[in-house]
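We number each residue from 1, following the sequence as shown. Counting convention: from 1, in listed order, for ligands and their atoms alike.
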Amino acid sequence: MFKVGFIGLGIMGKPMARNVRKAGYGLIVYDRNASTLETFRKEGTEIAANGREVAEKSDVVITMLPNSPHVASALFDKDGIAEELRAGQAVIDMSSINPVASKEFYSRLKERKVDFLDAPVSGGEPGAIEGTIAVMVGGDKPVFDKYYDLLMTMASSVTYIGPAGCGNITKLANQMIVAVNISVLSEAYVFAKKAGADPKLVFEAIRKGLAGSKVMEQKSPKIFSGDYDPGFRIELHIKDLQNVLDTAHTDNISVPFSAAAMEILQSLKADGLEKKDHSAIVKYFEKINNAKVIG
Ligand code: NAD
């Protein structure tokens, strides 16, 4: 069994690392937040002083960090992972980042004979706790095969997509669909309310039909209750859509719906709502229509 290093113990990384440990793998962890590290130390997990020590004492290093610059910093800064990586070791980056950055990390590590997979996830904090996240993977297929069992300790599905960057291309496609889906769901509920129908009854009437979706099932109760605690923060969805726009424009792709969803999220950020769940997108449609879905 591999000894696993885990860097980034936030909302997602903490339960994911615990699931790796529960499956019987040796584990050493690092996060720049000292109190999180202390929690793991109290649970009996080996903790490291920095990324370099994680790389030194493990066979494979998993990273679960906010965005591309954080992964670049964890890999290549002084005392970072790359200072200790040996030929034959691997880095599995499970953060949602720009696929162009994933390809660059793959190439830079390949020069040192170190393997790299981009393996972002969907399923949110509940999926991370239950070990039922979906993992989408880019990189070399033999490397994917080697670490499949390790990834499955955290997941209900682990899918190989293609070469480096393909995991994050898949994740960005997922984030485009979710952002536009919540936006039009919100638009439809405000439309129904203002035109004279009860949005809760609209939901009951249409949820089993063609318009029904996981987004409708999970986000409608939040919209109706006005509970916008995250969940998935608006600021993280802005990060993902920025990566969508950067990737799209680099490759000469036009993404008008994602661009519109990005502007809606930016407007909510301007209203100070960036720490709220992305179901708060409904507040944008309530504001421009001077209407409330409930009440
Ligand atoms: P988070 O902000 O809760 O956690 C990030 C952790 O990384 C923090 O503990 C922080 O201290 C640590 N960190 C940052 N830079 C570091 C560095 N250089 N070295 C060591 N530690 C560092 O974020 P999260 O919600 O766990 O999300 C992580 C990734 O997973 C993001 O890319 C996010 O988009 C993605 N994601 C999140 C969700 C969700 O529902 N929260 C769902 C799917 C995917």
Side-chain angles (χ1 to χ4, degrees), residues 5-19 28-40 47-55 61-83 91-99 101-102 105 118-137 151 154-157 167-168 170-179 182 214-215 218-219 222 228-244 265 274-280:
F6 207 114
I7 298 180
L9 306 163
I11 290 178
M12 297 296 285
K14 193 183 287 180
M16 287 163 64
R18 284 176 176 148
N19 283 332
I28 178 165
V29 298
Y30 174 67
D31 190 292
R32 63 184 179 193
N33 181 328
S35 74
T36 306
L37 271 188
E38 184 55 18
T39 305
F40 273 81
I47 63 168
N50 50 42
R52 185 169 52 74
E53 190 183 346
V54 172
V61 180
I62 295 175
T63 46
M64 190 54 168
L65 301 165
N67 199 6
S68 323
H70 306 86
V71 179
S73 157
L75 280 170
F76 300 114
D77 277 4
K78 186 174 172 311
D79 286 335
I81 306 164
E83 282 191 7
V91 174
I92 305 178
D93 179 35
M94 303 188 77
S95 330
S96 306
I97 71 167
N98 190 322
S102 298
F105 300 152
D118 55 303
V121 314
S122 78
E125 188 184 19
I129 293 169
E130 289 155 18
T132 57
I133 50 178
V135 187
M136 41 216 95
V137 188
L151 292 172
M154 298 172 263
S156 58
S157 78
N168 272 304
T170 309
K171 174 67 184 178
L172 291 182
N174 181 81
Q175 296 305 84
M176 295 162 78
I177 294 165
V178 171
I182 299 175
K214 261 197 181 166
V215 162
Q218 286 184 19
K219 298 302 172 184
K222 283 187 89 68
Y228 303 120
D229 283 349
F232 189 71
R233 297 192 302 275
I234 282 173
E235 64 188 0
L236 283 179
H237 219 143
I238 288 176
K239 177 262 300 182
D240 289 333
L241 289 185
Q242 188 61 57
N243 285 334
V244 167
L265 290 170
E274 69 271 21
K275 304 281 182 210
K276 298 293 181 192
D277 188 71
H278 51 178
S279 54

Between ligand 1 and the protein, which N/O pairs fall short of 3.5 Å?
{"residue": "ligand 1", "atom": "3 (O)", "partner": "I11", "partner atom": "N", "Å": "3.0"}
{"residue": "ligand 1", "atom": "9 (O)", "partner": "D31", "partner atom": "OD1", "Å": "3.4"}
{"residue": "ligand 1", "atom": "9 (O)", "partner": "D31", "partner atom": "OD2", "Å": "2.7"}
{"residue": "ligand 1", "atom": "11 (O)", "partner": "D31", "partner atom": "OD1", "Å": "2.7"}
{"residue": "ligand 1", "atom": "15 (N)", "partner": "R32", "partner atom": "NE", "Å": "3.4"}
{"residue": "ligand 1", "atom": "21 (N)", "partner": "R32", "partner atom": "N", "Å": "3.3"}
{"residue": "ligand 1", "atom": "26 (O)", "partner": "I11", "partner atom": "N", "Å": "3.3"}
{"residue": "ligand 1", "atom": "26 (O)", "partner": "M12", "partner atom": "N", "Å": "2.9"}
{"residue": "ligand 1", "atom": "32 (O)", "partner": "L65", "partner atom": "O", "Å": "3.1"}
{"residue": "ligand 1", "atom": "32 (O)", "partner": "P66", "partner atom": "O", "Å": "2.8"}
{"residue": "ligand 1", "atom": "32 (O)", "partner": "S96", "partner atom": "N", "Å": "3.0"}
{"residue": "ligand 1", "atom": "32 (O)", "partner": "K239", "partner atom": "NZ", "Å": "3.2"}
{"residue": "ligand 1", "atom": "34 (O)", "partner": "K239", "partner atom": "NZ", "Å": "2.7"}

In a table with atom names and distances, give each donor-acceptor pair under 3.5 Å that connects a side chain of residues 228-236 to protein atoms at least two apart or in another chain.
{"residue": "R233", "atom": "NE", "partner": "E235", "partner atom": "OE2", "Å": "2.7"}
{"residue": "E235", "atom": "OE1", "partner": "K275", "partner atom": "NZ", "Å": "3.0"}
{"residue": "E235", "atom": "OE2", "partner": "K275", "partner atom": "NZ", "Å": "3.2"}

**Study point:** Partner set under side chain to side chain contact (heavy atoms under 4.5 Å, CB included) for N67, not counting sequence neighbours
**Key:** P69, H70, I97, K239, N243
**Study point:** Considering all heavy atoms, the nearest N168-P120 contact
**Key:** OD1-CG, 3.4 Å
Exercise for review: Please answer whether the main-chain N or O of N98 pairs with a side-chain N or O of S68 as donor and acceptor at a distance below 3.5 Å.
Suggested key: yes
Practice item. Mark yes or no for whether N50, through its side chain, and E53, through its backbone, hold a donor-acceptor pair below 3.5 Å. Key: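 Judged by distance alone, yes, a pair lies under 3.5 Å.
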Point to revise | salt bridge (charged side-chain N to carboxylate O under 4.0 Å, His left out) partners for E130, two or more places apart | key: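 Testing E130 for salt bridge (charged side-chain N to carboxylate O under 4.0 Å, His left out), a comparison that skips the adjacent residues, returns none.
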